[in-house]
K.L.:
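My questions all concern the structure below.
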4 protein chains.
Amino acid sequence: MGLARATQKEPYALNLNLKYLTIEWLQRRGVDLEDIASLVYTIQKKYVPGLTIEYCRESVERVLEKREVQNAVFTGLSLDEMAEKGLFEEPLSEMLCSDDGLYGIDEVLALSIVNIYGSIGLTNFGYLDKVKPGILGKINQEKGERVNTFLDDLVAAIAAAAAARIAHQSRDRRGGG
Amino acid sequence: MGLARATQKEPYALNLNLKYLTIEWLQRRGVDLEDIASLVYTIQKKYVPGLTIEYCRESVERVLEKREVQNAVFTGLSLDEMAEKGLFEEPLSEMLCSDDGLYGIDEVLALSIVNIYGSIGLTNFGYLDKVKPGILGKINQEKGERVNTFLDDLVAAIAAAAAARIAHQSRDRRGGG
Amino acid sequence: MGLARATQKEPYALNLNLKYLTIEWLQRRGVDLEDIASLVYTIQKKYVPGLTIEYCRESVERVLEKREVQNAVFTGLSLDEMAEKGLFEEPLSEMLCSDDGLYGIDEVLALSIVNIYGSIGLTNFGYLDKVKPGILGKINQEKGERVNTFLDDLVAAIAAAAAARIAHQSRDRRGGG
Amino acid sequence: MGLARATQKEPYALNLNLKYLTIEWLQRRGVDLEDIASLVYTIQKKYVPGLTIEYCRESVERVLEKREVQNAVFTGLSLDEMAEKGLFEEPLSEMLCSDDGLYGIDEVLALSIVNIYGSIGLTNFGYLDKVKPGILGKINQEKGERVNTFLDDLVAAIAAAAAARIAHQSRDRRGGG
């Protein structure tokens with residue numbers, strides 16, 4: 001695969017390289033940076049005057065440079081794809097394919113992303129995961145044909161972390177003024 | 001104080017005793033078991049046919065028997081009350097009194113409650129904390145006169161944990177049928 | 001497979017059934033209940049007078065009845081086995097096969113187990129994971145031939161949770177005396 | 001108080017200002033940056049060739065610039081000091097003064113620090129908290145005269161986070177070489 005070859009030339013531990021791989025993996029499952037930036041804008045616009053989609057997108061990119069986030073995405077999306085291909089034994093296969101509400105490991109992985117900027121992202125994550133605006137609604141509707149058990153939680157978590165990052169920065173700027 | 005004396009006769013480590021103390025502390029801050037049971041009912045009624053307020057209340061009581069939950073309540077409500085009395089130094093005092101969005105320790109304590117029944121309570125916690133139905137709206141309006149920085153997150157977390165407990169039980173019953 | 005067939009007769013959501021499946025999956029990777037009970041005994045014996053291996057084993061069994069624990073084991077051990085078979089793309093494949101210290105998702109899953117009995121298991125988990133007594137040393141030595149990236153953290157987490165459960169019970173008994 | 005006045009001139013939200021306040025609060029409880037840097041050196045020296053105490057100290061300083069870390073320190077040390085002054089009601093007072101093994105909120109706060117650089121700090125935190133090298137042993141011996149229930153966990157957590165930060169950086173440098 002092209003991905004595998006790219007990582008042989010440059011060591012994969014180079015965070016920038018891993019960041020672009022992470023973006024590719026998300027796109028492969030139908031999610032663009034713009035989709036996630038829109039979620040960030042939705043939850044943060046009323047708190048940050050003059051917030052732009054571009055600024056939200058930049059914050060999403062910073063989140064995707066974190067190793068913990070990259071590893072959660074690689075692991076979660078691999079689980080979704082392999083469940084789709086029927087590679088897991090029972091009872092894991094059925095839990096993943098039906099997005100079993102008691103499975104919980106999808107939320108565990110998402111939490112490891114949300115925590116990157118502290119606990120203040122927690123509320124936004126829960127809200128996004130429940131209300132499912134924008135791309136999250138689309139991901140949710142695809143369930144049935146596709147396995148998106150990890151995808152929706154990962155996307156909500158990345159958006160919540162990017163929003164928490166903006167909240168921290170917005171405060172620091174005003175504080176330092 | 002009556003509370004202190006009660007714990008000298010019977011050792012406080014007796015969980016039942018601590019449970020009733022926890023309920024008293026919550027009532028002292030204006031929150032009854034029924035208020036929390038209503039939150040549980042609100043978020044769980046569409047998933048569990050025939051769910052009753054009584055059953056929700058019982059689930060809240062089970063949650064309040066857990067030591068981790070009791071300790072989070074004792075600690076968080078003490079922080080609220082002592083902030084109200086102006087006992088903290090800066091910068092902690094201002095962060096607690098203004099319910100600073102970057103403080104985050106209130107969410108950290110809440111998370112330790114939500115996790116008691118696994119990560120499936122996370123989404124409900126985030127939703128309750130954002131939308132603030134029922135008693136949570138009332139707690140939020142009191143801010144200004146009172147310090148409820150920990151109270152609202154603790155109440156949302158107890159409700160989310162009790163809802164997660166019901167979700168687990170509902171599934172087990174059907175599974176075992 | 002025998003496992004898959006067993007779950008068709010009785011619904012997998014039956015926790016007891018899932019418990020025995022969890023034990024089978026651990027045995028398949030070379031870990032018996034007795035191995036985990038020994039870890040519990042090692043870390044808890046100096047705190048609980050008269051502690052027996054049998055009591056530790058019973059506590060491990062109670063931990064394995066929790067859905068969050070079962071799901072973490074199914075997911076983690078599947079990831080180990082599929083990495084062994086070379087089923088993952090890069091960069092995930094290399095991270096799993098080399099037990100990359102920056103991967104972190106193994107610790108994330110373990111933490112979801114440790115948290116089941118509150119945060120008091122955290123210290124024991126960290127200690128077991130660093131010092132690697134008993135079965136943990138054996139699992140660690142197998143690395144190279146096998147992928148045990150998740151296995152060692154899962155086993156340490158189950159032992160730490162079972163020890164935390166004993167600590168809670170020991171206190172409650174004395175408290176109630 | 002001098003601290004309170006300092007924060008009136010410059011807004012406390014300025015992270016650098018809060019960083020120096022955090023260092024002052026730790027020193028007030030008997031812990032210097034050098035003490036924490038030594039812990040980092042102890043756990044990381046065998047993994048990072050050429051590691052120096054100065055580099056460890058710098059990593060500790062970076063950790064102390066994070067708001068979540070600062071807030072955990074302010075909150076935990078206030079709880080220790082107020083418990084020392086007998087300001088809490090029972091049962092919280094006794095739990096804090098005896099460093100009750102079932103209290104758990106100290107570990108919860110510590111975990112929010114450890115998580116700042118992902119879950120890879122978890123093992124080091126548990127190890128430090130159990131083995132108590134250097135300053136941690138000294139803090140532990142003071143218990144009895146002083147309340148250090150939160151102090152020891154906070155210091156172990158800051159050291160574990162600083163070690164995790166070095167592990168990430170060390171890898172990135174080699175990866176990018």
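Convention: sequence-line order gives letters A, B, ...; per-chain numbering from 1.
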K.L.:
What are the two closest heavy atoms between Met82(D) and Phe88(B), and how far apart are they?
P.N.:
SD-CE2, 3.2 Å
K.L.:
How about Phe74(D) and Glu89(B): do any of their side-chain heavy atoms sit closer than 4.5 Å?
P.N.:
no
K.L.:
For the OH atom on Tyr127(D), are there more than 12 heavy atoms of other groups (residues, nucleotides or ligands in this structure) within a distance under 6.0 Å?
P.N.:
no
K.L.:
May I ask you to test the Asp100(B)-Arg67(D) pair for a side-chain heavy-atom distance under 4.5 Å?
P.N.:
yes
K.L.:
Without placing hydrogens or testing angles, list every side-chain donor-acceptor pair under 3.5 Å for residues 144-156 of chain B, not counting sequence neighbours.
P.N.:
from	atom 1	to	atom 2	distance (Å)
Asn148(B)	ND2	Ile139(B)	O	3.1
Asn148(B)	ND2	Glu142(B)	OE1	3.0
Thr149(B)	OG1	Leu96(B)	O	2.6
Asp152(B)	OD2	Lys143(B)	NZ	2.7

K.L.:
Could you tell me if the side chain of Lys85(B) sits less than 4.5 Å from the side chain of Leu87(D), heavy atoms only?
P.N.:
no
K.L.:
Thr75(D): which residues meet the side chain to side chain contact (heavy atoms under 4.5 Å, CB included) condition with it, sequence neighbours left out?
P.N.:
Leu79(B), Leu92(B), Tyr103(B), Ile105(B), Leu79(D), Leu109(D)
K.L.:
Walk me through it: do Val108(B) and Glu68(D) pass the test side chain to side chain contact (heavy atoms under 4.5 Å, CB included)?
P.N.:
CA-CA 10 Å; Val108(B) 166; Glu68(D) 189 96 354; 3.6 Å; yes
